[in-house]
**Q** 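Below you'll find the structure I mean.
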Amino acid sequence: MGEDVAKHEFSREDRTRYRTKVRRCLDVFARMLRDSRFDFERPMTGLEIELNLIDEQGDPAMKNAEALQVIDDPDFVTELGQWNLEINVAPRRLAGGGITAFEETVRRSLNDAESKAREIGAHMVITGILPTLRARDVNPELLSHNPRYALLNEQVLAARGEDLQIAIDGVERLHLTANSIVPEAACTSTQLHLQVSPEQFPAYWNAAQAIAGVQVAIGANSPFFLGKELWRETRIALFQQATDTRGDELKAQGVRPRVWFGEKWINSIFDLFEENVRYFPALLPICDDEDPLEVLDRGDTPGLSELRLHNGTIYRWNRPVYDVVRDKPHLRVENRTLPAGPTIVDTLANGALYFGLVRALAEDERPLWSQMSFQAAEENFYAAARNGMEAQMYWPGVGTVPVVELVLRRLLPLAHEGLIRWGVDSAERDRLLGVIEQRCLAGVNGATWQAREFHRLYDHTHLDRADALRTMLRTYVELMHNNEPVHTWPSG
């Protein structure tokens, strides 16, 4: 969503003006790409982690406004639901200990925030979906107190014209009718940012799409929603359905969803922004006073605010980003496939796998995407979301194999090579990619640990389902704070 917005009603004139302005922004962006007016000589990486708040019992704590007040740190901001926060970590280079510095910074910030949040009876949890959420928690009254969320909710439902239907068939089945987008707030993720040049962008985006299924399978951490065990990464299905502006008729016509894997490999970042404008109507037609062409003609950097706002309401799993820092424009791939957690070391291990693989694949002389259909990448992605570490994946040269075998035999060596090219030292590489290796060998990620511990409690003790989930979550939180990788966590 980006910046706060205050306007609550949109006229036909607003929408017409916005359509004209966003297309003007697109034309200016095309010209900037031709002129190569971008900062990319010292590429930076970034990290965002969405968090949940719980009370002493393990139930959601609807206290994000109070938590932000006591935490008093500009790196922490609100998210959609009153039980959500997000931490935005200052960007840095990967070379020279950058990944370890991310880990240390996040741990220090979260520990400090946790100690302050305790004063108001709230505790931090990093997980893909809070397993103790109940149906009464996903209602419009529990949107965060920020006008932008109410406005987004209103516009999604207006575009859809009816209540949202959420249907997820996994280990168990969930069918839910929702009169708001609040179920989306259940989806808490890790977002990895990678700054690239315009020339590099297509290769890095294609590489990120190609490995999206691997990321989800190895990093899955969202097996429960509203008390039901669903997909290993339920967040993928839930996020798509909780923001779907399409009724059944539009789905039947092939209209694209706003949470979107995409449909083809790309040759330019322009392809993605142009698709956004061509396929998706505006949700928030808010215009500013900047004339981007006039700004560019005088030698300054246009903000392209309408194009950026529109891009922010289309939730690609790998999103293109145009941004301006210190009057210099740059481009980023924003990787949105991963859930939050289980620990900070697991999060950074997932990040190391991603950064290493995309570098190695993007620079390969024979691109992976020239050997693999886009549909195969999408099928890998959804198989991973459903089955996690049990998923089977197609990969060029090996066919369809278990994802853990693919990672151990093919992808970890590539990730090591990619991290070497980023300038990551051997100790960092070995430690973090070693976490991925041992996770694969143990067959345990956040989702499998949560499901295993829940079944131990629910199937073999007197606890009912809700109490088993609470007890599991309290154990999860205790182990999360130890920052030992999830594959080492005990069960029982």
Side-chain angles (χ1 to χ4, degrees), residues 1-10 14 18 48-54 60-69 71 74-88 117 122 124-125 128-130 133-164 166 176-191 225-226 235 238-245 257-259 280-288 305-306 308-316 319 321 334 336 340:
M1 276 288 295
E3 299 174 359
D4 289 355
V5 293
K7 192 168 185 177
H8 288 266
E9 295 182 5
F10 301 114
D14 290 328
Y18 184 85
E48 302 171 47
I49 303 174
E50 295 168 349
L51 311 164
N52 297 279
L53 296 173
I54 60 170
M62 307 300 174
K63 296 183 175 183
N64 66 356
E66 298 167 68
L68 283 178
Q69 189 170 11
I71 292 169
D75 289 346
F76 287 83
V77 296
T78 58
E79 261 296 329
L80 186 63
Q82 291 183 24
W83 68 93
N84 298 148
L85 293 176
E86 179 177 274
I87 179 172
N88 298 306
M124 306 280 183
V125 185
I129 294 177
L130 190 63
L133 282 169
R134 302 146 298 191
R136 67 174 181 266
D137 297 322
V138 288
N139 72 75
E141 289 72 30
L142 294 176
L143 279 170
S144 287
H145 299 305
N146 186 314
R148 72 184 192 215
Y149 298 123
L151 185 56
L152 181 63
N153 178 65
E154 173 190 306
Q155 294 300 309
V156 167
L157 291 175
R160 182 176 172 83
E162 58 187 85
D163 287 346
L164 294 157
I166 295 171
L176 172 71
T177 298
N179 63 353
S180 74
I181 64 169
V182 175
E184 181 200 334
C187 305
T188 40
S189 66
T190 297
Q191 292 146 36
F225 178 55
L226 300 189
R235 180 181 127 269
L238 179 58
F239 191 45
Q240 179 168 326
Q241 295 180 37
T243 54
D244 200 341
T245 56
R258 295 191 89 95
V259 176
F280 299 99
L283 277 183
L284 301 169
I286 301 167
C287 292
D288 70 11
S305 63
E306 293 82 8
R308 291 161 67 190
L309 179 60
H310 189 52
N311 186 51
T313 64
I314 298 155
Y315 305 96
R316 297 176 185 269
R319 178 190 272 166
V321 175
E334 181 188 15
R336 304 162 52 82

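As the structure is a computational prediction, the values presented were derived from the model and not from experiment.
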**Q** Under the side-chain hydrogen bond (donor to acceptor under 3.5 Å, both in side chains) test, which residues partner Ser305, sequence neighbours left out?
**A** Asp288
**Q** Side chain to side chain contact (heavy atoms under 4.5 Å, CB included) with Val77: which residues, sequence neighbours excluded?
**A** Glu86, Asn88
**Q** Check ring pair (Phe, Tyr, Trp, His ring centres under 6.0 Å) between Phe280 and all other residues, then give those that pass, not counting sequence neighbours.
**A** Trp260
**Q** Glu306: what forms a salt bridge (charged side-chain N to carboxylate O under 4.0 Å, His left out) with it, not counting sequence neighbours?
**A** Lys21
**Q** Once side-chain hydrogen bond (donor to acceptor under 3.5 Å, both in side chains) is applied, do any residues pair with Ser144, and if so which ones, sequence neighbours excluded?
**A** Asn64
**Q** Mind checking salt bridge (charged side-chain N to carboxylate O under 4.0 Å, His left out) for Arg258 and listing every partner two or more places apart, or none if nothing turns up?
**A** none
**Q** Report the residues that fulfil side chain to side chain contact (heavy atoms under 4.5 Å, CB included) with Glu66, sequence neighbours left out, ordered by chain and then residue number.
**A** Lys63, Ile120
**Q** Tell me, please, which residues at least two apart from Ala340 pass side chain to side chain contact (heavy atoms under 4.5 Å, CB included).
**A** Ile49, Ile126, Thr190
**Q** If you take all heavy atoms of Tyr315 and Leu152, which pair is closest and at what distance?
**A** OH-CD2, 3.7 Å
**Q** Does Asn311 offer a backbone N or O that forms a donor-acceptor pair with the side chain of Arg308 under 3.5 Å?
**A** no
**Q** With sequence neighbours left out, what residues match Ser189 under side-chain hydrogen bond (donor to acceptor under 3.5 Å, both in side chains)?
**A** Glu50, Gln191
**Q** Between Thr188 and Gly128 (side chain of the first, backbone of the second, donor and acceptor by atom type, cut-off under 3.5 Å), is there such a pair?
**A** yes
**Q** Minimum heavy-atom separation for Ala186 to Leu238, with atom names?
**A** CB-CD2, 3.8 Å
**Q** Among residues at least two apart in sequence or on other chains, which ones pass side-chain hydrogen bond (donor to acceptor under 3.5 Å, both in side chains) with Asn153?
**A** none
**Q** Determine the minimum heavy-atom distance between Leu85 and Met124, stating which atoms define it.
**A** CD1-CE, 4.0 Å
